[in-house]
Each structure stands twice: as C-alpha cells, then as structure tokens.
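Okay, so here's the structure we're looking at.
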Amino acid sequence: MRRCRRLRRGWLRNERATRGCADAPPALPQLCQLADGRARCEVADELYWKDEGRGGVKDTVDSYVTADGRTIGPVVMEMKNITLRFGGVEAIKDISFDIREGEIRAIIGPNGAGKSSMLNVISGFYVPQEGEVWYKGSRRPAMKPFQVAQQGIARTFQNIALFEGMSVLDNVMTGRLTHMKTGLFAQSLWKGKAEAEEVENREVAEKIIDFLEIQAIRKTPVARLPYGLKKRVELARALAAEPSILLLDEPMAGMNVEEKEDMSRFILDVNDEFGTTIALIEHDMGVVMDLSDRVVVMDYGKKIGDGTPEEVRNNQDVIDAYLGVAHD
Amino acid sequence: MATPETRADGPQSVPALLHRNAKKFANAPAYREKEYGIWQSWTWSQTRDEVEALALGLMEMGINEGDFVAIIGRNRPYLYWAMMAAEMCGAVPVPLYQDANAEEMAYVMNHCGARFAIVGDQEQVDKILEVQEELPEFQQMIYLDPRGLRKYDHSAMKQYANVQELGRQMRDKNIKELEARQAKLNYDSTGVMLYTSGTTGKPKGVVLSNRNIIETAKSSSEFDDLRQTDDILAYLPMAWVGDFIFSVGQALWTGFCTNCPESADTMHVDLREIGPTYYFAPPRVFETQLTNVMIRMEDASRMKKWLFDTFMAHARRVGPAILDGQNVSQWDRFKYKLGEAFVYGPLKNTLGFSRVRVGYTAGEAIGPEIFDFYRSLGINLKQLYGQTEATVFITAQPDGEVRSDTVGVTCPGVELKIAENGEVFYRSPGVFVEYYKNPESTADTKDAEGWVATGDAGFIEEDSGHLRIIDRAKDVGKMADGSLFAPKYVENKLKFFPNILEAVVFGNGRAECTAFINIDLTAVGNWAERNNIGYASYQELARHPQVMDTIQAHVEEVNASVAEDEMLSGCQVHRFVVLHKELDADDGELTRTRKVRRRIIEEKYDDIINALYDGSTSVSTETEVTYEDGRKGSIKATLEVRSAKVQAVATRMAAE
C-alpha cells in the first residue's frame, strides 16, 4: 500500500503558500536605514523592526521574515571571490555569495559546473587558491574538515558515505562525535562520565531518529537498507551534530517522486523546527524552486545568477545555461 | 441481565474504575509507550493524575456535559487518557479512524456535532482544518505532537501538554465541578460512541453505555481468566470497538497494562520486546507473519530448514492435542519438548508470542493451516465472534474446544437465536443503546425485547453447541438454478492461499460464479525473486503468465473443495481475472477495517464483470485511483480472463 507521511494537503508546491499567506516566494526586502539607527525592513506589506548590530557582519540587511513566517537572520557565511584550481583546470572562478542564518540556500547548475567543489570549499575539504571564507563574522583560516565540523558545519554526501556494517543508531551516534569529550580509555571502560555522556548523546540521537521517522530501522545494519532510507540516515547523522549550517549534496539524487516528497518535507521541517541554515545542491529544478529561499546558479565554474527562485527562473543567462543557446 | 442494583457497590463508570485502580493498583504499570527508543511507563495513580489534569483543562476550556469529543490518532496512552478525560467531564469520546480522509471525518464529526477534537499530529490537524468550515459546531482542537504546527493559527488550537498545565493551574476552580460531574455518571450514561465502518452506506454511531462497557469487560475477563499482571499491545485502530474494550474496558476492569508501540512500522519489534500475554490480531496479521516465516525459512541453511520442517511436522501432529490437554504418548511429548527447545521456543520468541496466554483472532475467517500452525506451536489462539453493537463479544471459544471452522459458544450473559432465514440474533448486557440520531436503523436492528440482528447467516452445531457463520445474510443469494450462493465462503477459501490477498466472488442470480482476485505482493514478489522473474510494478506481476497459472491452480483446488459441500457446490468459480490494482479503502472498495464493499466494486468494475460473463478472453479497462494525499490518477490495463476447471455436478450426485 502507498504510504506517505503527513502529506495530505496540496503538496509541496502549495506548501509554502499554505503555511503563510503569499502566493509567490517573497522578494528580498527593501531596507532603509532610519535616523534613530534602526533598520526598517518591509516585507509583504508588514513591518518588522530589528535592532541593528546583531551578528558580526555589517552592511547587510539585518533580518527579515518570509511569507511563511520564518525569520531569516543576518549573513552567517560569506564566500568572497573564491577561485579554486586543480592544476590548470579552474573549477571555480571568482565566485562570491553569502548564506543567511536560517535560510535554505540552493546551489544549482549543469553537470560539471563546480557545485560540489563549492560545497567542498565550504566544508573545508578543498582550500581555495584565492578568496576568503567568512564565517560568523570573522575570516576563516585554512582548516582541516574536522575543524570545520567542530565549528558547526555538517554535511551529507552525494555518494552515500555511511558505515555500512554499523546499525543506523550507531551511524547517527557517530554524528555526535564532536559533542563527546571523554577519551578512548574512559569510553572503553564505559564508567561514570563516559556512561552519562553516552546516555545524554543517545537521547539527542533518538530524538533525531524520531524526527526523521526511522525508528523501525534503528537497529538495522545500514547495508541492508534501500537507497532512499540510507539518504535519510545520512541526514540523521548530519543532524546529530546539531549543526548551525547543514550542507546537503544532492539529497534527492536517484530518488522516486515519493521519496523526494518525503525528503523535501524533512528538509523543510529541519529548517523550520531547528532553525538550521541549509545549503543544498540539487538537480531537480522543481524541488529547488519550491524549497529554497535563494538560489545561486553556477555554470563552468562561474556564477551566472543569484537571487530568489523567481528571479533566477527569469534570468536569461540561467535559461541559456540550462537550455543551451543557438549560436548564429 | 445484571442491573445497576445488583452491582450497586461496584464502580459504575469508566472514570470510577480509573479511581478504583489508582487506589487498588497505585504503583502497578497502567500504560507504556516506547518513545525515543525507551519504554516509558505510567502507573495507575500517575494515569489518574494525567487524566484528571486533562479533564480539568477541558473544563477550563468550557466543555459541557453531553458534548462530543472526537479523538483521532494512532494508539498512544495520551489518546486513551483523552477518552477517559472526556468521560470525566461528562462528555462522550468519539474515536475516529486515523486513516480516514477529510470528508469521512467531516461526515462523522458533523453527525455527532463534535465541539472538541483531540488529535495526534499535524496530519490530523491538517485534515480537520481542511473541513473546518463544514463543521459549524466545532470549536477547539487539541494536538499531541507539536511538530510542524508552530506556525499554525493557535486561536482555536492548543497543545495537549498545555491543556493539562492549564488544568493543573485552575484545579481549585474546577475540581468541585469535575467531581460533581463524575458523581452523576452511572451505568446508564453514555461511555463512548463508536462509528461502524459501514460496509453499506454511511457510518452509524453506536452508543455504548457504561453498563455495556463494564459488564462486557467483566464477563469476558472472567471467561479468559485475565489478570492484573497481563500485558497487551495496543496497535489496532482506536476507533475499533475491540481496541476500546481491550485497552480501556478490560484494562480498567482487571488493571492490566496497555502497551503502545513506537510507530506502526515498529509494531513487530515492540511486540517482541513486550511479549504480551493477551494478544489480539485479525487473521491478516497472523497470515502475514506466517508468510514471513515461510519466506525466511526458504532462505535458511539446509540444516535449519530440515530442523524446522521435521519439528513443524511433529508439532502439527501433536501440538494442538497437547494444548487441548488430550492424551499424547510420552515419546511424542518428549519429541515436542525437544522441538520446543530447538524450534518452537525460538520461533515464538521471534514472533513475540513467548508469553501469550490468551490469543484471539476475529473479524474474518482464518485459514485452517494458519490457525493450526500457531496452535501447534503451543500458542493458545482462539476465535471469537462479535460486533460493535454487542460491545464485541457474542461467542468465543473456551480453552480446549478450539476449532478453525467455528466461532465458539455464547459468551457469559449472551443469548443466541437463529431466525428462519438463517440470520443470527443475540441478546446480552453488551447490547448497544442506540444508533445516534438514527432511530430507524436502531429499530431495524434491535427489537423491543432487545434481540439484535447480526446480519450474518449461520447455524449452531448440534453436538458441540458451537456457532458457525456462513456469510453476511444479505450477501447470501441464489444462483439461477436455485442453489445457494455464499460468496464469502468461497472467498475465504481462496484467501487461505498465501498468494491471494483478496478475492471477490460474483454470481448472485447468475448461472455460474466468477471471481476477481488480488495477488499478495509480498508472497508472490518473493516467489518471483526466487525464480528470477523481473517485474516493475504490481500490475506487471499480476499479469505474469506464471502467476496466472498459479492462481488458476489455486482456484481449481478451491473448486474441488467447494464441490464437496453439497449445499454450496454451485459456487464453484468458472472464470476469474487477476485485478490490475489492489482493492483499497482509499478508493472506497474496502472499508477501513478492510472488508469488501461488494456493491461499490460491482458498479466500478462492471466492464470487467461483463467480460467475465460474455465469454471474452481479455478486457481493457481504465480505473481511477486515489492516492493517500487525495490526488487522483488512473490505471489502464488489459486483463486476461481465465477459465478454471470446475467439478462436474455429477460428482456431487455420486457423492450423495
């Protein structure tokens, strides 16, 4: 029998609209600086007042509220003029964009556009030859991926990278690694502090298992799971780190429509319930346009578009990149 | 019939029972639920406090006596408490099927004029919001799981925990009134209203009084010697009368513990962890479990398979006899013990049946093979016959008199009579008060002396006194030649094959019988996998020639068996099709309790039925399907019509 979760009302396309009030995704707000030093932010005929000075990043809109009622905060990560080369190949050419707190930011582009490379730069796996990564108001020095993870950036992989022989629960628990302090010795004895710590972290892991509705496979070895569920387990592991930024590398690749709907719903729920900032790469245009607040479009390592889904959809360069251009 | 006077000393309402248990079994577990991977439990006194807090909160929200409170969601302690809390306030709980679609819910909520709804999660909230405009009397919604609901308009919506908190804060103000309302409850006040799933027409609200609930719970608990230390797993729909009687009625009466699974998918794991002592499942569940066991044994190593086969053969021979306490030789007993150590014990443990003392199956006929399989393992599986209008129990099988083809003897306090047309009537303390707002139907079903028509045709076996059910009385008809037509009888025989999930037999008033068949995707899919047969969809597998051949063999086997019964030999299936889609409650073809809705199927598929009778060898059809989220689509298919071999009537003559 067909089973799908909580998707009764008109589905994703209407999702945003039914949650809030507007029909179309909101345009970026107009900001005016007022005399008394506050920023005035106008969205969907409503006024939101915010005190200036939150967060470290200056000279940007402080925060605004989307049509469906989520607060999008100030810029939390900014990529400044990133260039990444592999030998003679320029994978990323002088790209700049920012990610705001609490938003769903999509990176799209045709094959080989450099999207995954971009994600790898954010996660610290690649160090760009030129350019700077600013995170939470300060410039991030070149780092190892584990240091980036400790800073609160978690990710999932395009080709699932789970521990196949381990159970789902154990896999999710590995996501808690950065939150565990006791050493190898204490953990192997599993006494006192180590035990208390495990209990504490298990609770977080269980809450995520509950959230993603994978209780039934809690003790199943990952190798025995179908593809769609593995993807969900990967998401669970990334969430277990309680990240401030979650990077999703093609979370819906190879899924059927139903699995995509489920995954989209989970992504929205994660963003909504935990307020997690999400940067995702995705090929399915419908999904990207429905899910994301802002979209960066890349082609041959260059940024060719940046804005709300609506803006990007109407951007001539983007249309050309996807559909091809007739050369006279 | 016991009157309130004779029981004046005992608790006379569901809340009164709860208060009794909170004193009598204060620290014994009352409810358990697995959450976040751990079994959380509540004692009876904690349960009382939780229920009271919710009731006080409802009072503060302005609940009146006689209000109806819709309760929708999967089995959770909180929702059972919600039912009790509603009763405390003098209101009537109305549990609804959680998989009902919005329109079905709107009908029921409108019919009873529910002012409050206590629901499980966002899905149910969404459904109610969708139909809210059609519900003029509806006022407030209380939800359990806040996930996804943070941004909803909360002017007419509250979280369960907040209502309880509100109740605790306002305790001093409302406790007097709450106690006064509870004191007013007696045997005659309404305990619950349950909607029948409605094989025909709209659902009807069956009003059950406290007398119905308590008397039934009492006599059935005594019948099976249920104890305070028993455990049950509550996983069947809360809107179903059986679940209400087991998880609320009997649980309150005997004080045993009700365990709720973590989610629908984890049911089998949870079943194993809890190891219930009192277990109820429709035949379908037992069937699925058996199919799974057999599938896994096919993949087992040779040694294991040999062990399984050898000892299961032995168990089949002597197991039921040992269970019934009959004479079995010492050698056979020893061999059975050996089997218990090697096969039956571990198998029962895997299935979660290690501790089952009393197991029931009902709702439909169970295949003799399936029934015997479980009994031969030493599981005391029995059958019962009942319906919502009787507060479940009409007949049940006492220990030691268990057979797969009867439904047992009358339960304590129940009287039975068979009308001339074969319809079964009963009278008992459990007989419902009325159908809500439907005096005509009440009068049709229940006569002035309290006899209730079951709508089932059956007879009482003379030597054993057991009741046997043949079919729904209105489905029983005549063939063109005047012989008896009992579709259910044939369908059940067909469904006993693991490969066949559902069957619908036609033939009323016609010269010969024909059938629709649904294959069981688990069983047939596994067979296909083992035989390297690739398939992309249910539809493709269903029309595979080898599958058709298998089904044809099954049909022919059934024909042979039907032919042996002289009364029903006319019901042999002459032609059949394997349907291109599974019959589904979402398309209105089955009820929510998965009973076939004949009339609707006949209308919907009349093109296929015509093809079954006009001699064509194939039929093209297009069927509309409804997805769970309400979208519609359609399936086109060309179905092959097969003819099955039937036993000549001459054989029957010879047999006579």
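Every chain is numbered from 1 and lettered A, B, ... according to where its sequence line falls, protein lines coming before strand lines.
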With B:Val524, the side-chain contact (heavy atoms from CB on, under 4.5 Å) member among B:Val578, B:Ile500, B:Ile519, B:Leu501: B:Ile519

Taking heavy atoms only and a threshold strictly under 4.5 Å, list by residue number the residues of residues 214-226 of chain A that touch chain B; give 'none' if the list is empty. A:Gln215, A:Ala216, A:Arg218

B:Asp153 meets the side-chain hydrogen bond (donor to acceptor under 3.5 Å, both in side chains) criterion, sequence neighbours left out, with B:Ser155

Does either side chain, that of B:Asn292 or that of B:Arg296, offer a donor lying less than 3.5 Å from an acceptor on the other one? no

Sorted by chain and number, sequence neighbours left out, side-chain hydrogen bond (donor to acceptor under 3.5 Å, both in side chains) with B:Asp145 holds for none

Is it the case that A:Lys207 places NZ or CZ above or below the six-membered ring of B:Tyr36, under 6.0 angstrom from the centre and within 45 degrees of the axis? yes

List the residues meeting side-chain hydrogen bond (donor to acceptor under 3.5 Å, both in side chains) with A:Glu234, not counting sequence neighbours, and say none if there are none. none

